[in-house]
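By convention in this document, chain letters (A, B, ...) are assigned in the order of the sequence lines, proteins followed by strands, and residues within each chain are numbered from 1.
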Number of protein chains: 2
Amino acid sequence: MKTATLGSDLSLAILGLLTIRPASGYGLRKTFRATAMRAFSASPGAVYPALRRLREDGLIEGKVERPHALRPREVFAPTRQGRRALVGALAEPVTREDVVRRMDRLLLRFSFMTGLVGEAETLAFLTRLAEETEKYYRDLADEFRRSGPGLPFTGRAALEQGVESYRATARWARKTLGELRKRMPSKGAVR
Amino acid sequence: MKTATLGSDLSLAILGLLTIRPASGYGLRKTFRATAMRAFSASPGAVYPALRRLREDGLIEGKVERPHALRPREVFAPTRQGRRALVGALAEPVTREDVVRRMDRLLLRFSFMTGLVGEAETLAFLTRLAEETEKYYRDLADEFRRSGPGLPFTGRAALEQGVESYRATARWARKTLGELRKRMPSKGAVR
DNA sequence: TGCAGCATGTAACCTGTTACATGATTAG
DNA sequence: CTAATCATGTAACAGGTTACATGCTGCA
């Protein structure tokens, strides 16, 4: 059935948040404004159409809370199909393209994994993420060494920022991988 | 006159690249594929419409190189107005919103500054960027300390990645600021 | 009284994605 | 000869931005 509705980061973020806790459109907008998820749009012109698409595709359903009011408050929660679609989206492979152009989405997917996918799969995802990020970091660093000296100052510096940014993410991934392994009962030392 | 055409990162990147060196649409696409600018789209469906908009707004002009062929190669270069618009876009203020949601664009703007805006302005831009990035890094780190312990493992880890990423960028900005000050002969006055 | 927050939505616009389309030239 | 590369474009679709629109509730 494909459910291609989770194409946008915003839809994925909404479905993930609703899986943690049902909320209204306004509640989601508050979350997007008040937490680290502020990188997403909290504008009504983005959130409400996204909610409608998710509902039309059967991934979420809403309960109207004050049916008497002119603008009743509607609280949304994922359907079984929605939960399946979310898990499916989280499980997709990690590609180099993702690492180069959609790192935000990879981290968004990772952030929702606890409780929804097994620790083994989480580990596999993060391993791939670490590998691809390290690979791309090395590619960028090579490019910096090769063409950096010929670039104008600010151009070279901007490239260096890219190198440093991927390096930081690669380190974070390795560190987190270590923490994740420690909390896994089956692998490594028996706790 | 406002020239709002540089709304998209891709348009800005194209205008910047053409200012460094005139190129055809295909040439730009090659650059987007082969260099660190691969974070931008190299697809013809993005590049050619962007070139047309820039030309329609008088920011670039094209010289057809092989007028006999069915698909003649057209090399574009910025007009005087285009150069002005680019400088104007680079000079815009750095806001917290930019740092939170449009860091890519800030770095893109910075990367084109050498030769187009004075070193004093470049210094001012980078100073603001460093300040705002540090401020947001501290906000994120606070959020991590406050709400981190209550989050599920992968959610907390994703937030930590955000913290580390902004920290790396803040460090890069400070370091680059030092290098920039060193190459400025006259304005040795720090602080 | 007036303002901020609650709460939902629409419409025009812009731009990127994906897929399709055409045809020349060049290297193996 | 045939595959890759050069070279330019269009069309349908999706989704975000900005601005507009409505009206209630609680508080100072």
Query - Interatomic distance, A:Leu6 CG vs D:dG16 P [rounded to whole Å] - result: 12 Å
Query raised in the report: Of all the nucleotides listed (C:dT8, C:dT10, D:dC6), which has the minimum atom distance to the side chain of B:Lys30?
Result: D:dC6
Query raised in the report: Whole-Å distance between D:dT18 P and A:Tyr48 OH?
Result: 18 Å
Query - Phosphate contact (C:dT15 OP1 or OP2) by B:Ser11 side-chain N/O below 4.0 Å - result: no
Query raised in the report: Got a salt bridge between B:Glu65 and B:Arg73, using NZ or NE/NH1/NH2 to carboxylate O under 4.0 Å?
Result: yes
Query raised in the report: Atom CZ of A:Arg33 to atom P of C:dA4: distance rounded to whole Å?
Result: 14 Å
**Report entry** Between B:Tyr136 and A:Arg38: side-chain donor-acceptor atoms closer than 3.5 Å
**Finding:** yes
Report summary line: B:Arg73 has its side chain closest, among C:dG16, D:dA7, C:dT8, to D:dA7
Query raised in the report: NA contact type, B:Ser24, heavy-atom cut-off 4.0 Å: base, sugar-phosphate, or nothing?
Result: sugar-phosphate
Report task. Find the distance B:Phe32:CZ to D:dA7:C1' and express it as a whole number of Å. Result -> 16 Å
Query - Candidate nucleotides D:dG15, C:dT15, C:dT8, ranked by approach to the side chain of A:Arg53 - the nearest - result: D:dG15
Report summary line: B:Tyr26 atom OH is separated from C:dT22 atom C1', nearest whole Å, by 15 Å
Query raised in the report: From C:dG16, D:dG9, D:dT17, pick the nucleotide closest to the side chain of A:Ala46?
Result: D:dT17
Query raised in the report: Hey, does the side chain of B:Arg29 reach the backbone of B:Ala42 with a donor-acceptor pair shorter than 3.5 angstrom?
Result: yes
Query raised in the report: Are any of the side-chain nitrogens in A:Arg109 or A:Asp104 under 4.0 Å away from the carboxylate oxygens of its partner?
Result: no
Query raised in the report: Rounded to the Å, how far apart are B:Leu10 CG and C:dT15 P?
Result: 10 Å
Query raised in the report: When we call it a touch if two heavy atoms are under 4.0 Å apart, what does B:Arg29 touch: a base, just sugar-phosphate, or nothing?
Result: base
Requested in this report: Could you check whether B:Gly25 gets within reach of a base, just the sugar-phosphate, or nothing at all, counting any heavy atom under 4.0 Å?
Outcome: sugar-phosphate
Requested in this report: Measure the distance from CG on A:Leu28 to P on D:dG16 and round it to the nearest whole Å.
Outcome: 14 Å
Query - Touch class at under 4.0 angstrom, heavy-atom based, for A:Arg101 against every strand present - result: sugar-phosphate
**Report entry** Given DNA chain D, 5'-ward residue of the pair B:Arg102 and B:Glu74, judged by closest heavy atom
**Finding:** B:Glu74
Query raised in the report: Of the candidate nucleotides C:dG9, C:dT18, D:dT8, which contains the atom at the shortest distance from the side chain of B:Ser43?
Result: C:dT18
Query raised in the report: Are A:Thr169 and B:Gln161 close enough that a side-chain donor and a side-chain acceptor fall under 3.5 Å?
Result: yes
Query raised in the report: Once you round it to whole Å, what is the distance between P of D:dA14 and CG of A:Leu12?
Result: 18 Å
